[in-house]
Amino acid sequence: MHIYKVGGAVRDRLLGRPVSDIDWLVVGATVEDMLAKGYRPVGADFPVFLHPKTGEEYALARTERKSGRGYGGFTFHASPDVTLEEDLIRRDLTINAMAEDETGTVYDPYHGKDDLDQRLLRHVSPAFAEDPLRVLRVARFAARYAPLGFRVADETLELMRQISASGELQALTAERSWKEIERALMEARPQVFFHVLGACGALHELLPELVDDAQALAALDQAAAHEQPLHVRWACLLHGLALASIKAVNQRLKAPRECQELALLTGECLAQGNQALELPPTALLELLQKFDVYRRPQRFEDFITVCEMVVQADGESSYPQAKYLRGAAAATRAVDVRPLVQAGLTGQALGEALKGERLKAVEAYKRS
Ligand code: ATP
Ligand code: MG
């Protein structure tokens with residue numbers, strides 16, 4: 001049995017980047033061999049094991065063949081006679097198809113090292129087209145390695161065009177797509193992900209709402225430059241869409257709740273945020289209420305951040321509305337409900353009185 005480090009661990013070490021998780025490949029072993037050594041089996045689809053001590057993933061070498069539409073349409077063949085080269089050829093990119101043994105010797109049958117040097121994301125074989133998720137993976141790697149000067153090889157982009165045109169991207173589950181999108185959004189240059197998807201026609205298939213939306217990408221770029229969290233980046237990306245489109249995208253991709261919520265609220269309230277200084281007290285209070293700023297202060301803060309990113313993407317350097325909105329939020333949050341309760345108010349009457357006090361607080365804030 002031979003054990004190799006494969007994929008990202010080899011690639012990132014050669015690039016001099018930190019290696020986060022290590023994927024291991026086992027050649028020349030059976031499932032029984034692995035169990036006998038104490039590895040714990042995981043995954044129903046293919047033979048992957050967890051190391052009894054480190055918990056890292058060890059996969060038996062396998063070949064695969066397309067047998068139907070989508071990701072489920074694969075048949076796997078894992079056996080001790082599958083060679084290292086046979087396993088590596090089914091991988092997506094040449095830079096991901098290198099292996100390293102325990103002595104540090106790198107096995108590179110598909111010339112990933114050359115492509116690392118040339119800064120090229122190149123597919124390993126025509127079998128690339130068998131899993132449409134690879135279109136998203138390549139775009140994600142393009143976003144990640146753009147600062148290092150990487151680009152997608154012309155012939156790979158052409159293959160990605162063919163996959164997009166075939167309609168196969170529609171067979172991806174929302175879960176698999178979102179996982180790639182989420183990781184891409186958190187890269188240093190997430191806009192590159194969308195540029196690449198646009199260039200190969202995949203954006204038209206997956207997120208037609210964002211085709212040619214330069215403002216969306218500029219806002220996302222700002223959010224990434226400021227190292228904002230996922231939900232802020234998502235809301236920046238969708239900020240210019242109609243509410244119905246934001247809803248549709250959220251649902252189609254099954255974005256997490258926090259992402260969905262902030263994107264929707266931003267779509268609804270961005271204009272008011274920008275007009276904050278001119279809003280009459282009642283409208284300003286309504287905005288604060290909509291965000292439930294009393295119980296969810298961070299959500300309103302995130303909204304302000306999105307507004308700032310969007311305006312900065314437009315070339316504006318200052319956004320006085322931010323400070324003003326924060327001040328208004330603080331003023332209403334400072335209203336004390338206890339005197340109203342002590343005065344015997346309950347239920348709807350209490351709610352109305354509280355709102356009245358908060359309105360007074362906003363009015364006072366506006367005058368100050
Ligand atoms: P990351 O740094 O994002 O973890 P990675 O290259 O390690 O990058 P993984 O998703 O951990 O990516 O996968 C490990 C390896 O498995 C990849 O390097 C690649 O060789 C292979 N691989 C993973 N997913 C696919 C896929 N959909 N098609 C082909 N090969 C894949
Ligand atoms: Mg990995």
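Numbers here simply count residues along the sequence, with the first being 1. Start at 1 and go down the list; that is how both ligands and their atoms are numbered.
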| Side-chain heavy atoms of V31 within contact of F49, under 4.5 Å | yes
Can you tell which part of [X] has a heavy atom less than 4.0 Å from ligand 1: side chain, backbone, both or neither?
X	answer
D92	both
L93	neither
D131	side chain
F128	neither

| query | Does the ring centre of F291 sit less than 6.0 Å away from the ring centre of F303? | reply | yes
Element-labelled atoms of ligand 1 that are located less than 4.0 Å from some non-hydrogen atom of [X]:
X	value
D21	4 (O)
R183	1 (P), 3 (O), 4 (O)
F141	6 (O), 8 (O)
G7	18 (O)

| task | Answer yes or no on whether R358 is positioned over the face of Y294, meaning its NZ or CZ is under 6.0 Å from the six-membered ring centre and within 45° of the axis. | result |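 Here R358 passes the 6.0 Å and 45° test against Y294.
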| task | Just go through R134, E57, R17 and tell me whose heavy atom is the nearest to atom 26 (C) of ligand 1. | result | R134
| query | Who gets closest to atom 13 (O) of ligand 1 by heavy atom: R91, R90, R137? | reply |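 Looking at heavy atoms only, R137 sits closest to atom 13 (O) of ligand 1.
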| remark: To the nearest 0.5 Å, atom CD of Q260 lies from atom CG of L253 at 9.5 Å
| Which atom names give the shortest non-hydrogen contact between S166 and I163, and what distance separates them? |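 Answer, listing the atom of S166 first, then I163: OG-O, 2.6 Å.
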Kindly confirm or rule out an N or O of [X] lying under 3.5 angstrom from an N or O of ligand 1.
X	result
R144	yes
R176	no
G8	yes

| Any chance the side chains of W24 and E57 put a donor and an acceptor closer than 3.5 Å? |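 Distance-only check fails for W24 and E57.
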| query | Any chance the side chains of Q118 and D114 put a donor and an acceptor closer than 3.5 Å? | reply |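 Result is no, nothing qualifies.
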| Reference residue R122; test salt bridge (charged side-chain N to carboxylate O under 4.0 Å, His left out); the match among D154, D115, D92 |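 For R122, the salt bridge (charged side-chain N to carboxylate O under 4.0 Å, His left out) check succeeds only for D115.
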